[in-house]
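Computed from a predicted model, the values in this text were never measured in an experiment.
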Amino acid sequence: MKKGLVFILVAMIAMAGIFANGASESSDEPGKGELYIYTTVSDTHYDLTMGAFNELYPDITVYSTYGGAGECKARIQAEAANPQADLMFGGLQYADLEAYGQYFESYVSPNDQYMQEEYQNTSGKLSFHDSQIPCLIVNDELEKSLGVEITGWESLLDPRLKGKIVTANPTSSSSAWNNLQCILTDFGGWDSPEAWDYIEKLMQNGLVVVSSSSIPSKSTFAGEYAVGLTYEPAVVKLLDGGQTGAHMVFPVEGTTSVGFASAIIKGAKNLENAKLFIDFLQSDEGQQTYLEAGARPITTHKVEGGSPYMVDLDTIVLQVADTEALAEHKAEICDMWNAAWAKYGNN
């Protein structure tokens, strides 16, 4: 069932009072009953995932509510005394542990051992399942008409691009946070004066901040902006769908590979089914759905296929982000972003 239809169904159920005391009681038998999830993933990937999951577990009925990563995390926090869902599917990163780790159950899937070492569940709570690469999406016609060549971060300071660069809000969007941490990494680290000098200059060049992580890629394809700060799977999905008129650019200064995770919500009423879902995401079948959706599986097992638009990693500069420092200082980084935006944003 498509995510949008499920969202409507969940809303109808909630109005009927079924959610009055949280999600329904768990099934006595794993693999049967219900599973309630909050999800950040796209329609395409959601449908791929649920189709494959329900092939394995046809007796589990999955209900989902879609939202941005920040929205889902805020909802989980607000509902901590009476959880309304069992699991957050996608959108979680190592940096979320400090602020939100207390709202998730401890669970390590038996399939976690097959994930690449750098993405294994060392926290006991976040189960990683894919990696995504921040990138720029560039509108072909606008790049040509403006007479600019967009190659990376420094090129975005060209005054001809003033007001024509768009990003989601890194304080609430996981994909925009990835672009921010990529900039910080490329310019010397989270507390580097050079990095924050660059960010302030980018803001002064009319950076536009929008509410949703899907807007930068879609609006740049549509010609509303010349450049969008986004991530590889978002662009790959549009290209696979036949969109034309824009192309991906991976900054010459370097980009980072960022792991994404899911987690079981503390107090989940369908705990065993939630565990099955985590197991599935890290299984070969689950990893295959990530590849088909334009993301990068992190299993050590072999999976084949993928979009022809996915970049060959040997052709781009990959930097290693200090994920622990970024996680430890995320709140401070967000405060620094907000302070800079209050001073230089919307200029």
Backbone N/O of D197 and side chain of E200: donor-acceptor pair under 3.5 Å | no
With the side chain counted from C-beta on, respond yes when D158 and S155 share a heavy-atom pair under 4.5 Å apart, and no when they do not.
-> no
So, K275 versus S109: side-chain donor-acceptor pair below 3.5 Å or not?
-> no
Which pairs pass ring-ring contact (aromatic ring centres under 6.0 Å, His included) with one or both residues in residues 109-129, sequence neighbours excluded?
-> Y114-H301, H129-Y290
Any donor-acceptor pair under 3.5 Å linking the side chain of S192 with the backbone of F187?
-> yes
P297 and V303: which non-hydrogen atoms are nearest, and at how many Å?
-> CG-CG2, 3.7 Å
Transitive ILVMFWY side-chain link V138 to V208, under 4.5 Å | no
Show your working on side-chain contact (heavy atoms from CB on, under 4.5 Å) between L318 and T256 and close with a plain yes or no.
-> CA-CA 5 Å; L318 279 174; T256 53; over 6 Å; no
Where is the tightest heavy-atom contact between E34 and N273, given as atom of each residue plus distance?
-> O-ND2, 3.1 Å
Smallest separation among heavy atoms of S217 and A234, with atom names = OG-CB, 4.0 Å
Check the hydrophobic clustering (I, L, V, M, F, W, Y; side-chain heavy atoms under 4.5 Å; chains of links allowed) and say if F260 and L313 are grouped together.
-> no
Under 3.5 Å donor-acceptor, E105 side chain and G267 backbone = yes
Nearest heavy atoms of A321 and T185, plus distance in Å = CB-OG1, 3.6 Å
Evaluate the side-chain contact (heavy atoms from CB on, under 4.5 Å) criterion for residues N82 and K269: first the C-alpha distance (whole Å), next the side-chain angles of each, then the deciding distance (0.1 Å), finally the verdict.
-> CA-CA 10 Å; N82 184 23; K269 297 178 176 63; 3.5 Å; yes
Whether over 12 other heavy atoms sit under 6.0 Å from K164 NZ | no
Q282 side chain to D112 side chain, donor-acceptor N/O pair below 3.5 angstrom | yes
Same apolar cluster (I L V M F W Y, side chains within < 4.5 Å links), W153/V235 = no
Between Y66 and V41, is any pair of side-chain heavy atoms under 4.5 Å apart?
-> no
List the steps and the verdict of side-chain contact (heavy atoms from CB on, under 4.5 Å) for L35 and Y63.
-> CA-CA 6 Å; L35 179 64; Y63 301 99; over 6 Å; no
Applying the side chain to side chain contact (heavy atoms under 4.5 Å, CB included) test to Y107, which of L126, D279, L87 qualifies?
-> D279
CG/N54 to CG/D59 distance, rounded to the nearest 0.5 angstrom?
-> 9.5 Å
To the nearest 0.5 Å, atom NZ of K73 lies from atom OG1 of T40 at 9.5 Å
Within the side chain of R160, is there an N or O that forms a donor-acceptor pair under 3.5 Å with the backbone of G147?
-> yes
ring-ring contact (aromatic ring centres under 6.0 Å, His included) pairs, two or more places apart, involving residues 302-333 | W190-H329
Do Y103 and D96 have a side chain donor and acceptor closer than 3.5 Å?
-> no
Taking only residues at least two apart or on different chains, which pairs with a member in residues 218-258 satisfy ring-ring contact (aromatic ring centres under 6.0 Å, His included)?
-> none
Which pair of heavy atoms, one from I37 and one from M50, lies closest together, and at what distance?
-> CD1-CE, 3.4 Å
Does a donor on one side chain sit under 3.5 Å from an acceptor on the other, for S212 and S214?
-> yes
Pairwise side chain to side chain donor-acceptor pair (under 3.5 Å) hits with a residue in residues 313-326, at least two apart = none
Answer yes if I150 and M248 sit in the same cluster of Ile, Leu, Val, Met, Phe, Trp and Tyr residues linked by side chain heavy atoms under 4.5 Å apart, and no otherwise.
-> no
So do the side chains of D47 and T44 get within less than 4.5 Å of each other, counting heavy atoms only?
-> no
Please step through side-chain contact (heavy atoms from CB on, under 4.5 Å) for the pair K162 and Q204, ending with a clear verdict.
-> CA-CA 8 Å; K162 188 174 179 68; Q204 292 175 76; 5.6 Å; no
Hey, is the main chain of A246 close enough, under 3.5 Å, to the side chain of D140 for a donor-acceptor pair?
-> yes
Under 4.5 Å between any side-chain heavy atoms of L92 and F104, yes or no?
-> yes
Distance in Å, E141 CD paired with L146 CG, rounded so as to fall on 0.5 Å steps = 10.0 Å
Contact check, side chains of T299 and M115, non-hydrogen atoms, under 4.5 Å | yes
State which residue, out of I183, D191, L184, fulfils the side chain to side chain contact (heavy atoms under 4.5 Å, CB included) condition with W196.
-> L184
Salt-bridge test for R75 and E79: reply yes if a basic N is under 4.0 Å from a carboxylate O, no otherwise.
-> yes
Look at the side chain of K125 and the backbone N and O of S106, then say whether any donor-acceptor pair between them is shorter than 3.5 Å.
-> no
Whether Q288 side chain and E304 backbone form a donor-acceptor pair below 3.5 Å | yes
With sequence neighbours excluded, tell me which residues meet side-chain contact (heavy atoms from CB on, under 4.5 Å) with S283.
-> N111, F280, E285
Pairwise side-chain contact, E232 with V311, heavy-atom cut-off 4.5 Å (strictly under) | yes
Got a donor-acceptor contact below 3.5 angstrom from the D86 side chain to the N270 backbone?
-> yes
Name all residues meeting the side-chain contact (heavy atoms from CB on, under 4.5 Å) criterion together with L157; count only those two or more places apart in sequence or in a different chain, and write none if there are none.
-> E154, Y198, K201, L202
Hey, does C135 have a side-chain heavy atom less than 4.5 Å from the side chain of V249?
-> no
Assess the side chains of N139 and E224: does a donor N or O sit below 3.5 Å from an acceptor N or O?
-> no
So how far is it from N179 CG to L229 CG, rounded to the nearest 0.5 Å?
-> 4.5 Å
Output the distance between atom OG (S131) and atom CD1 (I298), rounded to the nearest 0.5 Å.
-> 7.0 Å
Same cluster for V210 and I137 if Ile/Leu/Val/Met/Phe/Trp/Tyr side chains link at under 4.5 Å?
-> no
Quick one: are the ring centres of F53 and Y57 less than 6.0 Å apart?
-> yes
Do N121 and S123 get their side chains close enough for a donor-acceptor pair, meaning under 3.5 Å?
-> yes
For D240, does its backbone N or O pair with a side-chain atom of Q243 as donor and acceptor, under 3.5 Å?
-> no
Atom pair CZ/OH of F89 and Y46 - distance to nearest 0.5 Å | 8.5 Å
Min side-chain heavy-atom separation L281-S262 under 4.5 Å | yes
Of the non-hydrogen atoms in T220 and A226, which two are nearest, and what is the gap between them?
-> CG2-O, 3.7 Å
